[in-house]
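Every chain is numbered from 1, with letters handed out A, B, ... down the list of sequences. When reading the values below, keep in mind they use all heavy atoms of this one structure, side chains included, and skip hydrogens, waters and symmetry mates.
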Protein chains: 2
Amino acid sequence: MAFTIKEASERLGCPAHTIRFYEKEGLLPYIKRDKNGNRLFEQDHLDWLRVMTCFRATGMKLSLLKEMVDLALDGDSTIPQRKAILNQYKEDLFRRQNELTTALDAVNNKLSIYEEIAKGKTPSESQLLVKMEESERQQTRNEGLTNETKNFRQ
Amino acid sequence: MAFTIKEASERLGCPAHTIRFYEKEGLLPYIKRDKNGNRLFEQDHLDWLRVMTCFRATGMKLSLLKEMVDLALDGDSTIPQRKAILNQYKEDLFRRQNELTTALDAVNNKLSIYEEIAKGKTPSESQLLVKMEESERQQTRNEGLTNETKNFRQ
DNA sequence: TTAAACCTTAAAGTACACTTTAAGGCAAGT
DNA sequence: ACTTGCCTTAAAGTGTACTTTAAGGTTTAA
């Protein structure tokens with residue numbers, strides 16, 4: 001069974017123009033056409049598009065996807081190269097996971113500081129993101145000073 | 001104690017030009033200057049820069065960082081807005097975590113398919129990313145056919 | 001005193017991934 | 001016949017975040 005570009009677009013939640021762009025970039029080889037030249041997508045194309053969307057959302061560049069497609073077109077002998085690419089990408093994914101964890105910690109810390117301020121408590125000096133709050137509470141004291149002498153601490 | 005831009009750059013692993021760019025965009029208020037106009041960074045600035053780098057690496061846009069800075073400059077009364085921004089961002093982080101998990105699953109699946117191929121096994125029909133391999137093994141059979149009749153399945 | 005190694009600014013350029021625009025073909029319904 | 005709605009292409013435009021360039025000022029060591 002074959003799908004029109006609109007059906008593909010709807011199924012993937014991906015703009016038709018983007019799909020055409022991907023095909024033009026060589027990321028989606030061997031798309032057939034009907035007698036009017038309209039694209040016909042097979043389920044396999046949708047599957048691969050979904051994978052590309054997934055990899056793109058997590059930081060893989062189009063150029064790397066292109067490399068993988070080109071290697072795949074060259075046959076099984078390129079599997080070692082493709083394995084190397086995916087293992088490298090996997091490292092990237094782990095690094096991103098760590099970055100997300102760090103960012104979540106920072107956000108939660110910031111939010112807890114807001115709670116402390118709401119309760120009228122003084123936040124700890126050493127915490128990340130605390131200084132910004134302190135500077136805010138200095139703002140009234142800073143009024144009337146020149147820019148040069150303001151001691152805003154982000 | 002104050003740091004030059006080079007010292008700040010080295011401590012953060014962030015190009016000096018990027019730091020200047022951030023200051024110009026209003027993300028780093030109240031940086032002092034020495035008598036020659038050279039920037040002097042306090043520890044607080046480095047701390048905030050580190051937070052911005054952390055948030056940037058996890059998808060926060062500069063425009064949102066700018067909003068947060070501007071709100072912070074307006075004092076404690078803007079804490080509800082900043083809380084809303086951070087809670088929204090937290091949702092983004094969770095979504096990204098899910099996307100990473102999905103991508104890792106897809107990568108591991110792909111890698112396991114490579115193993116199966118190495119062992120000469122036929123990969124399961126229904127698995128994500130399998131079709132690409134199949135199409136590769138079809139390549140030899142496809143030779144001699146026109147582009148139109150090729151049935152490459154990505 | 002002059003070269004190296006910093007620093008400054010403004011502005012232009014780059015990378016990436018779309019996204020939009022313009023111009024037009026085909027088929028089905030009224 | 002003609003409007004609607006789908007499709008096509010090539011090319012230009014956009015947004016984001018830097019990054020590089022150009023031109024020049026200051027400090028320090030040889």
Side-chain angles (χ1 to χ4, degrees), chain A residues 2-28 30-42 45-46 48-69 89 92 96 99 103 147-148, chain B residues 2-28 30-42 45 49-69 89 92 96 99 103 147-148:
Chain A
F3 304 95
T4 66
I5 197 161
K6 201 197 180 196
E7 288 162 344
S9 168
E10 278 161 1
R11 260 155 234 262
L12 296 165
C14 175
H17 273 294
T18 302
I19 298 175
R20 291 194 196 99
F21 171 70
Y22 281 7
E23 196 207 4
K24 201 176 64 183
E25 295 295 303
L27 298 171
L28 220 35
Y30 302 135
I31 301 276
K32 288 183 192 154
R33 303 297 180 115
D34 70 11
K35 64 175 168 53
N36 294 314
N38 294 347
R39 289 173 184 82
L40 292 174
F41 296 85
E42 300 296 329
H45 297 124
L46 302 198
W48 175 235
L49 259 171
R50 206 180 293 280
V51 170
M52 287 201 290
T53 302
C54 166
F55 285 5
R56 280 288 307 122
T58 49
M60 184 178 279
K61 292 193 176 175
L62 290 187
S63 56
L64 201 53
L65 283 171
K66 182 60 162 52
E67 272 186 55
M68 289 185 27
V69 171
Y89 173 51
D92 288 355
R96 277 174 212 272
E99 287 169 345
N147 261 352
E148 283 76 39
Chain B
F3 305 96
T4 67
I5 197 161
K6 199 195 180 198
E7 287 161 344
S9 168
E10 278 161 1
R11 260 155 234 260
L12 296 165
C14 175
H17 273 294
T18 302
I19 298 175
R20 290 193 197 99
F21 170 71
Y22 281 6
E23 195 208 4
K24 200 176 64 183
E25 295 295 303
L27 298 171
L28 221 36
Y30 303 135
I31 301 274
K32 289 182 193 159
R33 305 295 183 115
D34 70 11
K35 64 175 167 51
N36 294 314
N38 294 347
R39 290 172 183 82
L40 292 173
F41 295 84
E42 299 296 329
H45 297 123
L49 260 172
R50 206 179 293 278
V51 171
M52 288 200 290
T53 301
C54 166
F55 284 6
R56 281 288 307 123
T58 49
M60 184 177 281
K61 292 193 174 174
L62 291 187
S63 56
L64 200 53
L65 282 170
K66 182 60 161 52
E67 272 186 56
M68 290 185 26
V69 170
Y89 173 50
D92 289 355
R96 278 172 211 273
E99 288 169 347
N147 259 353
E148 282 76 39

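The distance between atom CG of B:Leu27 and atom C1' of D:dA17, rounded to the nearest whole Å, is 11 Å. Rounded to whole Å, atom P of C:dC16 lies 12 Å from atom CD of A:Glu25. D:dT16 atom P lies 12 Å from atom CD of B:Glu67, rounded to whole Å. Regarding B:Leu40, its CG atom lies at a distance of 11 Å from the P atom of C:dC7, rounded to whole Å. Rounded to whole Å, the distance from NZ on A:Lys66 to C1' on C:dA15 is 18 Å. As a whole-Å value, the separation of B:Leu62 CG from D:dT19 C1' is 14 Å. In this structure, A:Phe21 atom CZ and C:dT19 atom P are separated by 10 Å, rounded to whole Å. Computed from coordinates, the A:Arg56 CZ to C:dC16 P distance equals 11 Å when rounded to whole Å.
With hydrogens and angles disregarded, a donor-acceptor distance shorter than 3.5 Å links the side chain of B:Asp34 to the backbone of B:Asn36.
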| task | List the steps and the verdict of side chain to side chain contact (heavy atoms under 4.5 Å, CB included) for B:Leu64 and B:Glu67. | result | CA-CA 5 Å; B:Leu64 200 53; B:Glu67 272 186 56; 3.8 Å; yes
| task | Given salt bridge (Lys or Arg N to Asp or Glu O under 4.0 Å), test A:Glu23 with A:Lys32 step by step and report yes or no. | result | CA-CA 11 Å; A:Glu23 196 207 4; A:Lys32 288 183 192 154; over 6 Å; no
| side chain to side chain contact (heavy atoms under 4.5 Å, CB included) evaluation trace for B:Leu65 with B:Tyr22 | CA-CA 10 Å; B:Leu65 282 170; B:Tyr22 281 6; 5.9 Å; no
| Which letter, B, S or -, goes with each nucleotide of nucleotides 5-11 of chain D from 5' to 3', with contact meaning a protein heavy atom under 4.0 Å? | -SSBB--
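Within the 4.0 Å cut-off from OP1 or OP2 of C:dC18, at least one side-chain nitrogen or oxygen of A:Tyr22 is found. Proximity of B:Thr18 to the phosphate of D:dT19: a side-chain N or O atom is located under 4.0 Å from OP1 or OP2. A close approach under 4.0 Å does not occur between any side-chain nitrogen or oxygen of A:Lys35 and OP1 or OP2 of C:dC26.
A distance of 8.5 Å separates CD1 in B:Ile5 from NE2 in B:His17, rounded to the nearest 0.5 Å. Put simply, OH on B:Tyr89 and CE on B:Met60 are 5.0 Å apart, with the number rounded to the nearest 0.5 Å.
B:Glu25 and B:Lys66 are not joined by a salt bridge, as no carboxylate oxygen comes within less than 4.0 angstrom of a charged side-chain nitrogen.
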